[in-house]
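This report refers to the structure that appears directly beneath it.
By convention in this document, chain letters (A, B, ...) are assigned in the order of the sequence lines, proteins followed by strands, and residues within each chain are numbered from 1.
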Amino acid sequence: MPELPEVETIARKLRPELVGKRILKADLLWPRTLATPTPAKFRKLVKGQEIQAVSRRGKYFVIQLSHYHLFVHLRMSGDLYIKEENATPEKHDRMILSLTPGPSPARGGENPPLRPREGLGVRETKLVFNDTRKFGRVWLVRDPDEVVGRLGPEPLSEEFTAQALYESLQARHRQLKPLLLDQSFLAGLGNIYTDEALHRARLHPLIRSDAVKREQAEALWAAIREVLQEGIRHNGASLDWVYRGGDFQNHFRVYDRKGQPCPVCGTAVERLVIGQRSTHVCPDCQRIGS
DNA sequence: CTGGCTCCCTGAATGC
DNA sequence: TGCATTCAGGGAGCCA
């Protein structure tokens, strides 16, 4: 399940291959992939738009076009990649954007690559959104706030400080785990990185947010940034049907490790369900009353 | 405000 | 072997 590190990894990979290219046409193989606007409008508006930037906000891809913002959320099983235009479509392709062969000729001061990569920059390519479970969504909007306006802070940004986290925890009265999964509280954490962060901070997922002490909030803040940065360094985690080449799954301390020893103390990791989400804890390291 | 539950989907795993 | 059932999971939406 792509979370912040996986989305960041994909965005970094796509950026140099997309920026400067122009969208020739849009194929919607599963129209409900579109959150907004209607398929007809989408095809019309996106045609001819130049891709100016590729970034990420929380778990959303942000593709900045000449006049619009294109957002993609992978949800459970989505994937986004470049293929040659004539490549055979795959079973779960949901949307295909055909692109111009290469970046527009270098503009003022930009250095064009000396040797374009094989098959890219020369031939026509396409950006493919593939999504087995059809939970992923695409938005095309003028105003980014329509999509990401209510997201919480970026956990790796400067404005997200330990103090800020402590204060927002105090302002709520919720169980830690569901609160950390709430994208309006903090943007980018999913089930994996939340479990990993709580374990590193030695906090039980059921602790009430306003019961967290200042030092614990600092530990949680550090743990969140640590697991996310480590995830990015490992190119994300490859799980289930979403294989990305990342290997952070080999560094999980509790997630998906029910019954296996906690790497800190050796106690068997337990799995519980909190807020309808499977949750992994070390019962020894993470105590509710501490 | 909080939390519980359902829905959206598919394919892997499990049950018989 | 083969068919049917169960389950996971991000996020929106609904209800208490």
Legend entry - Closest to the A/F135 side chain, choosing from B/dT2, B/dC8, C/dG11: B/dC8
Legend entry - Nearest-neighbour nucleotide for the A/Y60 side chain, C/dA12, B/dT2, C/dG9 considered: C/dA12
Inset, instruction - Return the nearest nucleotide to the side chain of A/R133; candidates are C/dG10, B/dC9, B/dT2. - result: B/dC9
Legend entry - Distance flag, aromatic centroids of A/W221 and A/Y166, threshold under 6.0 Å: no
Inset, instruction - Would you indicate which nucleotide in B/dG3, B/dG4, B/dC9 comes nearest to any side-chain atom of A/W30? - result: B/dC9
Legend entry - Euclidean distance, atom CD of residue A/Q175 to atom C1' of B/dG3 [Å, nearest integer]: 8 Å
Inset, instruction - Whole angstrom is fine here: how far is it from CD in A/Q276 over to P in B/dT6? - result: 9 Å
Inset, instruction - Could you tell me the separation between the CZ atom of A/R174 and the CZ atom of A/R208, rounded to the nearest 0.5 Å? - result: 9.5 Å
Legend entry - Ring geometry between A/F248 and A/Y193 (parallel below 30°, tilted from 30 to 60°, perpendicular above 60°): parallel
Inset, instruction - Starting from P on B/dC1, measure out to CZ on A/F185 and report it in whole angstrom. - result: 14 Å
Inset, instruction - Would you tell me whether A/D247 and A/H234 have side-chain atoms, one donor and one acceptor, within less than 3.5 Å of each other? - result: yes
Legend entry - Separation of atom CZ in A/F129 from atom P in B/dC9, rounded to whole Å: 13 Å
Legend entry - Side-chain N,O (A/K59) to OP1/OP2 (C/dG10) below 4.0 Å: no
Inset, instruction - Report yes if a side-chain nitrogen or oxygen of A/R75 is closer than 4.0 Å to either non-bridging phosphate oxygen (OP1 or OP2) of B/dT10; otherwise report no. - result: no
Legend entry - Nearest-angstrom distance from the residue atom NZ of A/K177 to P of B/dT2: 18 Å
Inset, instruction - For B/dC9, take OP1 and OP2 only and decide whether either is under 4.0 Å from a side-chain N or O of A/S77. - result: no
Inset, instruction - Let me know the distance between CG of A/D93 and C1' of B/dC9, rounded to the nearest Å. - result: 17 Å
Inset, instruction - Would you tell me if any nitrogen or oxygen in the side chain of A/R137 comes within less than 4.0 Å of OP1 or OP2 on C/dG11? - result: no
Inset, instruction - With heavy atoms under 4.0 Å as the rule, sort A/R150 into base, sugar-phosphate or nothing. - result: nothing
Inset, instruction - Check whether any side-chain heavy atom of A/R12 sits under 4.5 Å from a side-chain heavy atom of A/I10, and report yes or no. - result: no
Legend entry - Atom-to-atom span, CZ of A/R94 to P of B/dT10 - whole angstrom: 7 Å
Inset, instruction - Give a yes/no on whether any side-chain N or O of A/K91 is located under 4.0 angstrom from OP1 or OP2 of B/dG11. - result: yes
Legend entry - Length of the line joining A/Y255:OH and C/dA8:P, which is rounded to integer Å: 10 Å
Inset, instruction - Could you check which of B/dT2, B/dG11, B/dC9 has an atom nearest any side-chain atom of A/R174? - result: B/dT2
Inset, instruction - Examine B/dC9: is either OP1 or OP2 under 4.0 Å from a nitrogen or oxygen in the side chain of A/H92? Give yes or no. - result: no
